[in-house]
2 protein chains.
Amino acid sequence: MATMTAAQRREEARTEYDAFLKGCPTNQLLDRLSDKWVSLVVSALAPGPLRYSDLARRLAGVSPKMLTQTLRALERDGILTRTVTPSVPVRVDYELTELGRSLSLLLLAVKDWAETHIEEVWEAREQYDAGDAAAS
Amino acid sequence: MATMTAAQRREEARTEYDAFLKGCPTNQLLDRLSDKWVSLVVSALAPGPLRYSDLARRLAGVSPKMLTQTLRALERDGILTRTVTPSVPVRVDYELTELGRSLSLLLLAVKDWAETHIEEVWEAREQYDAGDAAAS
DNA sequence: CAGTATCCGATTGGATACTG
DNA sequence: CAGTATCCAATCGGATACTG
């Protein structure tokens with residue numbers, strides 16, 4: 001049992017690691033923010049509630065599949081509420097919860113950082129690309 | 001030209017939208033943070049510089065491919081520096097730049113938010129799952 | 001030690017069509 | 001209007017093997 005391949009050792013490490021990540025709040029949140037549509041939905045809803053079709057229009061080009069998937073996940077996490085008005089035709093409104101509004105503030109912080117530092121990133125890229133070519 | 005299918009209209013919207021997103025700093029940053037390994041590498045390097053193999057050990061289970069890919073991207077963006085010491089065998093150190101340390105502060109803010117609110121998210125999930133089952 | 005190159009399985013997400 | 005269900009193409013990322 002002392003003989004374990006590198007792959008086996010990595011596999012084991014990865015398993016433990018994943019388990020650790022699953023329980024890590026920061027990683028869970030990053031997973032959410034990572035989702036392209038999540039941040040857009042939250043931002044879109046920040047000013048106030050919207051209907052399903054309004055959201056579809058706001059998030060240009062989103063497929064119904066992804067929109068529904070995203071909304072369900074956010075509803076489950078308590079980020080937003082889904083309100084059905086049983087008129088004809090039905091009307092469904094989505095609105096940020098207190099938690100959701102709190103999250104939108106964090107997104108604002110991300111936005112601030114991005115706007116403050118994006119220039120540096122662009123400059124760094126130019127330099128990297130230029131230097132890379134010159135180094136050959 | 002008045003006749004355009006729904007798919008075509010969505011496609012056009014998506015194209016413009018993508019172009020918009022490409023130029024949006026916030027979205028660029030979220031794209032970065034979205035990468036599972038990026039935040040981990042930045043966090044790992046926050047205390048101080050590390051060698052390639054040290055990073056590989058710290059980020060349990062990462063494949064050389066992903067590690068290199070992540071490091072290259074972060075180097076290009078000016079988040080970290082790559083220093084080669086031409087000894088035998090070669091030694092390569094990775095260290096956060098000023099920009100990288102600034103980013104690590106943002107990650108800390110994310111961490112704070114996550115730790116503060118993750119309980120609410122968990123509760124919301126339990127309620128959602130329970131309520132969902134009861135509603136059937 | 002610090003990667004690079006290739007293959008390939010798994011996941012993602014868009015298109016499309018249909019339903020209450 | 002507000003979704004659901006299915007199919008499928010593309011992308012991602014891990015395993016593996018090889019190099020300076």
Side-chain angles (χ1 to χ4, degrees), chain A residues 4-15 17-18 21 31-32 34-38 40-41 49-75 80-95 132 135-136, chain B residues 4-15 17-18 21 31-32 34-38 40-41 49-76 80-95 132 136:
Chain A
M4 209 180 191
T5 68
Q8 283 176 320
R9 253 176 281 118
R10 232 191 1 226
E11 165 60 17
E12 193 173 83
R14 196 188 55 70
T15 304
Y17 188 64
D18 283 355
L21 284 184
D31 268 2
R32 277 270 165 276
S34 84
D35 189 332
K36 176 183 174 184
W37 299 115
V38 164
L40 293 168
V41 166
L50 286 176
R51 299 174 59 174
Y52 183 89
S53 49
D54 289 333
L55 277 169
R57 256 185 303 279
R58 290 294 215 89
L59 311 187
V62 68
S63 64
K65 176 184 174 181
M66 289 318 293
L67 183 53
T68 299
Q69 201 175 97
T70 304
L71 290 170
R72 287 289 185 281
L74 291 177
E75 186 193 0
L80 53 78
T81 57
R82 175 173 179 272
T83 310
V84 181
T85 307
S87 52
V88 179
V90 277
R91 173 199 176 104
V92 181
D93 286 274
Y94 291 92
E95 182 172 14
D132 203 26
S136 70
Chain B
M4 207 178 192
T5 68
Q8 283 175 320
R9 254 177 280 116
R10 226 182 13 217
E11 164 60 17
E12 193 172 81
R14 197 188 55 70
T15 304
Y17 187 67
D18 282 356
L21 283 183
D31 268 2
R32 276 270 166 274
S34 84
D35 189 331
K36 177 183 174 185
W37 299 114
V38 163
L40 293 168
V41 165
L50 286 176
R51 299 175 60 175
Y52 183 90
S53 49
D54 289 332
L55 277 169
R57 255 185 303 279
R58 289 294 215 92
L59 312 185
V62 67
S63 64
K65 176 183 173 180
M66 289 318 294
L67 184 52
T68 300
Q69 200 175 98
T70 304
L71 290 170
R72 287 289 184 280
L74 291 177
E75 186 193 0
R76 189 170 108 95
L80 53 78
T81 57
R82 177 174 178 272
T83 311
V84 181
T85 306
S87 52
V88 179
V90 277
R91 173 200 176 104
V92 181
D93 286 275
Y94 292 92
E95 182 173 14
D132 203 26
S136 71

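Here is the naming used below: chain letters follow the sequence lines, and residue numbers restart at 1 for every chain.
- Rounded to an integer number of Å, the gap from CE of B:Met66 to P of C:dC7 is 19 Å.
- When Watson-Crick and G-U wobble pairs are counted only if both distances are under 3.5 Å, D:dG20 pairs with C:dC1.
- Between A:Arg72 and D:dT4 there is a side-chain polar atom (N or O) within less than 4.0 angstrom of OP1 or OP2.
- The CG atom of A:Asp93 lies 9.5 Å from the CG atom of A:Leu55; values are rounded to the nearest 0.5 Å.
- At D:dA2, one or more side-chain N or O atoms of A:Ser53 fall inside 4.0 Å of OP1 or OP2 (strictly under the cut-off).
- Per the geometry, CZ belonging to B:Arg57 stands 11 Å off C1' belonging to C:dC1, to the nearest Å.
- The side chain of B:Pro64 sits closest to C:dT4 out of D:dA5, D:dG3, C:dT4.
- Phosphate proximity of C:dA2 to B:Arg51: present, with a side-chain N or O under 4.0 Å from OP1 or OP2.
- In this structure, CE on B:Met66 lies 5.0 Å from OG1 on B:Thr70, to the nearest 0.5 angstrom.
- Along DNA chain C, the nucleotide nearest to A:Val90 and the one nearest to A:Trp37 differ in position, and the one closer to the 5' end is contacted by A:Trp37.
- Atom CG of B:Leu67 and atom P of D:dA15 are 14 Å apart (whole Å).
- Each of A:Asp93 and B:Gln69 lies near DNA chain D, and the nucleotide nearest A:Asp93 is the one positioned closer to the 5' end.
- In this structure, the separation between CZ on B:Arg76 and CG on B:Leu74 is 11.5 Å, given to the nearest 0.5 Å.
- In this structure, NZ of B:Lys36 is placed 13 Å from C1' of C:dA10, rounded to the nearest angstrom.
- The CG-C1' distance, from B:Leu55 to C:dA2, rounds to 12 Å in whole Å.
- Under the Watson-Crick and G-U wobble criteria, each requiring two contacts below 3.5 Å, nucleotide D:dC7 is paired to C:dG14.
- Distance CZ (A:Arg82) to C1' (D:dC1): 12 Å, rounded to an integer number of Å.
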Determine whether A:Leu71 and A:Tyr52 satisfy the following criterion, side chain to side chain contact (heavy atoms under 4.5 Å, CB included), listing intermediate values before the conclusion. CA-CA 9 Å; A:Leu71 290 170; A:Tyr52 183 89; 3.9 Å; yes

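- Of the side-chain N and O atoms in A:Tyr94, one or more sit less than 4.0 angstrom from OP1 or OP2 of D:dG3.
- In this structure, the separation between CG on A:Asp35 and CD on A:Gln69 is 8.0 Å, given to the nearest 0.5 Å.
- If you measure from atom NZ of A:Lys65 to atom C1' of D:dA9, you get 12 Å, rounded to the nearest angstrom.
- Following rounding to the nearest Å, A:Arg91 (CZ) and D:dC1 (P) show an atom-to-atom distance of 12 Å.
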